[in-house]
Amino acid sequence: MDKSMIGDLDSLPEADKIRMAAMIEQLQVRDSLRMYNSLVERCFTDCVDSFKRKTLDKQEETCVRRCAEKFLKHSMRVGLRFAELNQGAPTPD
């Protein structure tokens, strides 16, 4: 986060800081749920072929595991790259 933004947040009244923290937390929860739902939908669609049993067969289970690992690695890489780009971005003065 930009240092000038931190300074701006420090100047807010305590009630506004609390509201801002709650809003940020809600956004983080929403984004986490959105990522989880996207992961479930994508891996289920790609890996589950039939509904003959209550449980996944070995091939489906392996596919779901690999799909989830790839999705999470990709998401982590994108997040790291975004952080790298954000650190190098010029700050408004």
Among R81, M76, H74, exactly one meets side chain to side chain contact (heavy atoms under 4.5 Å, CB included) together with V78. Which residue is that?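 When R81, M76, H74 are each tested with V78, the side chain to side chain contact (heavy atoms under 4.5 Å, CB included) holds only for H74.
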Rest of the hydrophobic cluster containing [X] (Ile/Leu/Val/Met/Phe/Trp/Tyr, side-chain heavy atoms under 4.5 Å)?
| X | result |
| --- | --- |
| L72 | M35, L39, F71 |
| L56 | F44, V48, F51, V64 |
| L33 | V29 |
| Y36 | V40 |

Can you tell me how far [atom2] of [Y] sits from [atom1] of [X], rounded to the nearest 0.5 angstrom?
| X | Y | atom1 | atom2 | result |
| --- | --- | --- | --- | --- |
| C63 | Q59 | SG | CD | 7.5 Å |
| K17 | M20 | NZ | CE | 11.5 Å |
| K70 | R42 | NZ | CZ | 11.0 Å |
| S50 | E60 | OG | CD | 5.5 Å |

Tell me every residue that passes salt bridge (Lys or Arg N to Asp or Glu O under 4.0 Å) with R30, counting only those two or more places apart in sequence or in another chain.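 For R30 there are no salt bridge (Lys or Arg N to Asp or Glu O under 4.0 Å) partners, ignoring immediate neighbours.
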Under the salt bridge (Lys or Arg N to Asp or Glu O under 4.0 Å) rule, collect the residues that match up with R65, sequence neighbours excluded.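 Testing R65 for salt bridge (Lys or Arg N to Asp or Glu O under 4.0 Å), a comparison that skips the adjacent residues, returns E61.
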Is it the case that the side chain of T62 and the backbone of K58 share a donor-acceptor pair, with hydrogens and angles ignored and the cut-off at 3.5 Å?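 Judged by distance alone, yes, a pair lies under 3.5 Å.
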Taking C67 and C43, which are both Cys, do their SG atoms fall under 2.5 Å of each other?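 Between C43 and C67 there is a disulfide, given that their SG atoms are under 2.5 Å apart.
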